Amino acid sequence: MEFNNPTREEIGHILRNAGNIAVVGLSDKSDRTSYMVAEAMQSRGYRIIPVNPQAQGEILGEKVYATLADIPEPVDIVNVFRREEFCAEVAREAAAIKANVLWLQLGIHNDEAVQIAAENGMTAVTNRCIKVEDSIVLRGAGRG
C-alpha cells in the first residue's frame, strides 16, 4: 500500500489542534536540529515534552522523560528525531499512549511505523519538518 502524507489542509488542522508535542530524541545540545526545531515550535506556542533516555533534568525548561510511557499527560503529536530503524518501536510506544499523530521528521520514513500508526488510529506524517510545515500552513503563527 502506497503511503501519502496528509494534505497541507489536514496538516494545518493537526497543528491548530495540537496540545502537547512529545519530541522523541530531543537533544539537550542547542546546536542540534531537534533542539532548534523544538525551540522554534515552543516559541510559537506549542507545549514541548522532551523524551530522551540519555538526558536528565530539563530541556527548554520542560522536564525530560525517558520514554513516552513515562509522560503523565495526554500527547497529541509524537515528533520523532530518531533513525528509521527505531521508528517502529516509537510508533508502538505512541500507540500505547494513544497519541493522535506520529510525525517522522524530515529525512525519516519507515513503512512499519506508518502501518502501526494506521492500525492504531493515528495519523502518520513522514519526511516532513514540523517547523517548516507550521511556517507554511500557519505562517509561523503557531496554533494561536
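Quantities reported herein were computed from a predicted structural model and do not represent experimental measurements.
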Those residues at least two apart in sequence (or on a different chain) that pass side-chain hydrogen bond (donor to acceptor under 3.5 Å, both in side chains) with Gln115 are Glu119
For Glu58, the side-chain hydrogen bond (donor to acceptor under 3.5 Å, both in side chains) test, sequence neighbours excluded, returns none
Residues passing the salt bridge (Lys or Arg N to Asp or Glu O under 4.0 Å) test with Glu85, sequence neighbours excluded, are Arg83
Of Val75, Ile49, Ile130, the one forming a side-chain contact (heavy atoms from CB on, under 4.5 Å) with Ile21 is Ile130
So side-chain hydrogen bond (donor to acceptor under 3.5 Å, both in side chains) across residues 66-75, not counting sequence neighbours, yields Asn20-Glu73, Arg47-Glu73, Thr67-Asp70
Correct closest heavy-atom pair for Val78 and Val24 would be CG1-CG2, 3.7 Å
Salt bridge (Lys or Arg N to Asp or Glu O under 4.0 Å) filter on Glu39, not counting sequence neighbours, yields none
Would Arg82 and Glu89 satisfy salt bridge (Lys or Arg N to Asp or Glu O under 4.0 Å), going step by step from the backbone distance to the final call? CA-CA 11 Å; Arg82 298 288 319 270; Glu89 183 56 35; over 6 Å; no
Donor-acceptor under 3.5 Å (Trp103 side chain, Arg128 main chain)
yes
Note to self: Quick one, Asn17 with Asp76, criterion side-chain contact (heavy atoms from CB on, under 4.5 Å). Give me CA distance, side-chain angles, the key distance, then yes/no.
What the structure shows: CA-CA 8 Å; Asn17 293 290; Asp76 296 304; over 6 Å; no
When rounded to the nearest 0.5 Å, the distance separating OH of Tyr46 from CD1 of Ile77 is 7.0 Å
Sorted by chain and number, sequence neighbours left out, ring pair (Phe, Tyr, Trp, His ring centres under 6.0 Å) with His13 holds for none
Query raised in the report: Honestly curious: do Tyr35 and Val51 fall in one hydrophobic cluster under the side-chain, below-4.5 Å linking rule?
Result: no
Between Lys131 and the options Leu106, Ile136, Val37, the side-chain contact (heavy atoms from CB on, under 4.5 Å) test singles out Val37
